[in-house]
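Only one structure is covered here, and it is reproduced in the block below.
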2 protein chains.
Amino acid sequence: MAGMGDDHAGHDHVWADDLTKNQGLVLGTLAHSDGPLSAYDILDKLREDGLRAPLQVYRALDKLMERGLAHRLESLNAFVACADANCHRRGLIAFAICEDCGKVDEFADPLIDERLGVWAGARGFAVARTTMEIRGKCANCAAA
Amino acid sequence: MAGMGDDHAGHDHVWADDLTKNQGLVLGTLAHSDGPLSAYDILDKLREDGLRAPLQVYRALDKLMERGLAHRLESLNAFVACADANCHRRGLIAFAICEDCGKVDEFADPLIDERLGVWAGARGFAVARTTMEIRGKCANCAAA
DNA sequence: ACGTTACATGTAACTGTATTACATAGCGTT
DNA sequence: AACGCTATGTAATACAGTTACATGTAACGT
Ligand SMILES: [Zn+2]
Ligand SMILES: [Zn+2]
Ligand SMILES: [Zn+2]
Ligand SMILES: [Zn+2]
């Protein structure tokens, strides 16, 4: 019964000490995964920790994303823990998603961000947030 | 039966003359809409033209997207007709989506595309396709 | 004409993703 | 205790997309 689910519930919340129980569980699950997880994937991994409904996961994800601790990959309907220990990153974040192995590389490029600002400024568009997702093959998988 | 659904079915396929019936209907619906439509929105608008199941819409959308005549907005789970009469655009396409009025502005920025290429090259990442979606307020709505 | 292939279509059932609505519980403030 | 605020629990529902299987239809070679 000491299932594998415990290994992240055990050390709880390393990343921020004011997460609620569900937020800690969800972030722990994401951080221990080697790839993006859908909300239902997360739910399944947390059933033995007492979670039973999708909403519990979505609520936690919303809070985590507000704080920049997790990100949503729109093109996958899936979520990842922020790769930057405490991202809180404003502005553009980009993700390179390997379609072979599923690995996701998070990065920020100030030049792209600035270039985007130029475009928006020229048109009077007020940018709230930007999602940028690159699909392809990572170096490892491209070599194979 | 001279329903309103005819006004795009009537002149059929202006954009490409080798579309199938369903492809023409779906593209016509997208082209006449003033904003993005979900697959089920499209289906509802085409019931009087005989469409009855989601798959009929998804199949048409797949073909249209293959040909660059329609695009998917990942962050909305919705679709638009390509704004460029015959896009066939390779490389990066970006969308600025107004969260107030729903209008979508499609554009391509070679500099961002190039910058992305630099990033990918440095890491050996083989880019297949990129989605870039900017959320915010268009000039009109920002003024109000 | 006939069988064969390729592609478009029709329909139902189903899986997966996300939200609405309502009830409950904990906690700090007054 | 009463209040406001946040987190939680649960069920039901809405929205999005796919699988499986059957049918139609035009092109091609025999
Ligand atoms: Zn991050
Ligand atoms: Zn890979
Ligand atoms: Zn286009
Ligand atoms: Zn607007």
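Letters A, B, ... are given to chains in the order of the sequence lines, protein chains preceding strands, and every chain is numbered from 1. No hydrogens, no waters, no symmetry mates; every other heavy atom, side chains included, goes into these values.
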- Give the B/S/- string for nucleotides 8-19 of chain C, one per nucleotide from 5' to 3', where a protein heavy atom under 4.0 Å of the base yields B, of only the sugar-phosphate yields S, and otherwise -. SBBB-----BBB
- Message: What is the separation between atom CZ on R47(A) and atom P on dG9(D), rounded to the nearest whole Å?
- Response: 13 Å
- Message: Using the rule given for side-chain hydrogen bond (donor to acceptor under 3.5 Å, both in side chains), can you reason through E74(B) versus S75(A), listing the C-alpha separation, both sets of side-chain angles and the distance that settles it, and then say yes or no?
- Response: CA-CA 5 Å; E74(B) 307 279 3; S75(A) 64; 5.3 Å; no
- L30(B): which of V80(B), L69(B), L37(B) passes side chain to side chain contact (heavy atoms under 4.5 Å, CB included): L37(B)
- Item | Other residues, nucleotides, ligands: >12 heavy atoms within 6.0 Å of E114(B) CD | no
- Separation of atom CD1 in I42(B) from atom P in dC15(D), rounded to whole Å: 15 Å
- Item | D34(B) and K103(B) ion-paired at < 4.0 Å | no
- Item | Residues F79(B), H71(B); criterion ring-ring contact (aromatic ring centres under 6.0 Å, His included); working and verdict | CA-CA 6 Å; F79(B) 305 83; H71(B) 302 293; over 10 Å; no
- Rounded off to whole Å, could you give me the CG-to-C1' distance for the L43(A) and dT8(D) pair? 14 Å
